[in-house]
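Below is one structure; the comments refer to it alone.
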Protein chains: 2
Amino acid sequence: MSTNESRCDCNIIHQDIVNAVKKSFPDELLLYDLAELFKIFGDSTRIKILSALSIHEMCVCDIACLLNMTKSSISHQLRILKQANLVKYRKSGKSAYYSLSDDHIMQIFEQGLDHVKE
Amino acid sequence: MSTNESRCDCNIIHQDIVNAVKKSFPDELLLYDLAELFKIFGDSTRIKILSALSIHEMCVCDIACLLNMTKSSISHQLRILKQANLVKYRKSGKSAYYSLSDDHIMQIFEQGLDHVKE
DNA sequence: TAAATAGTTGAACAACTATTCAACTGTTTT
DNA sequence: AAAACAGTTGAATAGTTGTTCAACTATTTA
């Protein structure tokens, strides 16, 4: 950062620490993408959908029935999960069958669960 | 769930699957807490703060300076992180030094990073 | 004691988001 | 061909949330 204008309204107390942290700080864009990923996990409806799909492939109706929600709201959330490449789907007749696109997703899920369980 | 009223506006196609999933479905409250945890991770300011604190303990001014944001907004976010038991702090003189309350947090962080990096 | 500084806090505002509703597409059934 | 059903989509709405601003507390320094 070579900008002189700073929103930081204070005298820097530990310039050495700030510099050291800045040095080994991950890429800005990477942290942004990471936040975006967690944001998707940060909704109970989407968490429930992912949790359900980790057990078995399901169609929109099945998920709506399981979570006692409308097809529409489930479809909206599935679109978000699809855009984030967290779920994939196959169409068969009138139905669309959704499943997890990646096993790695559940590792993040499980790690989070461990922390919540304390 | 023993309620007959269902928001699910469709005939259930795979009652057997829905029942099976319902059976091995995690506790509702647990999934809610999990979503709340991920929600906290799902903001780039908070992610950056956690990432910084994983490198070194820092005071509010240091963080504000590092991220080029006001003390106020950092303090607000630190309050949220504190309430979620993700950070702890010690006061010394005029300053408040924040650090991660748990190493486990960074495991979730790293796992997410792996996924984002693809 | 007064000024300066680090940090906190509540209200206000703007931006975002999850659900609802209605209308729609596409497939299957009668 | 018409009805029924699974699913999608866009607009509207209500609720949430991150930052800003101003006022405040507490500690230190002059």
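Because the structure is predicted, anything quoted here is derived from the model rather than measured.
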Side-chain atoms of residues 81-93 of chain B: list all donor-acceptor pairs with protein atoms under 3.5 Å, sequence neighbours left out, distances to 0.1 Å.
{"from": "B:Lys88", "atom 1": "NZ", "to": "B:Leu100", "atom 2": "O", "distance (Å)": "3.2"}
{"from": "B:Arg90", "atom 1": "NE", "to": "B:Glu57", "atom 2": "OE2", "distance (Å)": "2.8"}
{"from": "B:Arg90", "atom 1": "NH2", "to": "B:Glu57", "atom 2": "OE1", "distance (Å)": "3.0"}

Donor-acceptor list for residues 103-118 of chain B side chains, cut-off 3.5 Å, not counting sequence neighbours:
{"from": "B:Gln107", "atom 1": "OE1", "to": "A:Gln111", "atom 2": "NE2", "distance (Å)": "3.0"}
{"from": "B:Gln111", "atom 1": "NE2", "to": "A:Gln107", "atom 2": "OE1", "distance (Å)": "2.9"}

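One can place NZ of B:Lys71 at 17 Å from P of D:dT19, the figure rounded to the nearest angstrom. With rounding to whole Å, B:Leu78 atom CG is found 7 Å from C:dT8 atom P. The interatomic distance linking A:Arg79 (CZ) with D:dA11 (C1') rounds to 13 Å, in whole Å. To the nearest angstrom, P of D:dT8 lies 11 Å from CD1 of A:Ile74. Atom CZ in B:Phe41 sits roughly 18 Å away from atom C1' in D:dT17 (whole-Å rounding).
For B:Asp16, the side-chain contact (heavy atoms from CB on, under 4.5 Å) partners are B:His14, not counting sequence neighbours. Scored by the side-chain contact (heavy atoms from CB on, under 4.5 Å) test, B:Phe25 finds A:Lys48, A:Ser51, A:Ala52, A:Ile55, A:Leu66, A:Leu67, B:Val21, B:Leu31 as partners (sequence neighbours excluded).
Using cut-offs of 30° and 60° for the angle between ring planes, the A:Phe38 and B:Phe38 rings count as parallel.
In this structure, the side chains of B:Phe41 and B:Leu50 come closer than 4.5 Å at one or more pairs of heavy atoms. Side-chain contact check for A:Thr45 versus A:Ile49: some heavy-atom pair is nearer than 4.5 Å.
Each of B:Ile13 and A:Leu78 belongs to its own hydrophobic cluster when Ile, Leu, Val, Met, Phe, Trp and Tyr are linked at side-chain heavy-atom distances under 4.5 angstrom.
Contacts between residues 84-98 of chain B and DNA chain C, defined by a heavy-atom separation below 4.0 Å, involve B:Lys94, B:Ser95, B:Ala96, B:Tyr98, listed by number.
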>> Protein within reach of the bases, or only the backbone? For nucleotides 15-25 of chain C, mark each nucleotide 5' to 3' as B, S or -, using heavy atoms under 4.0 Å.
In response: --SSBBBB---

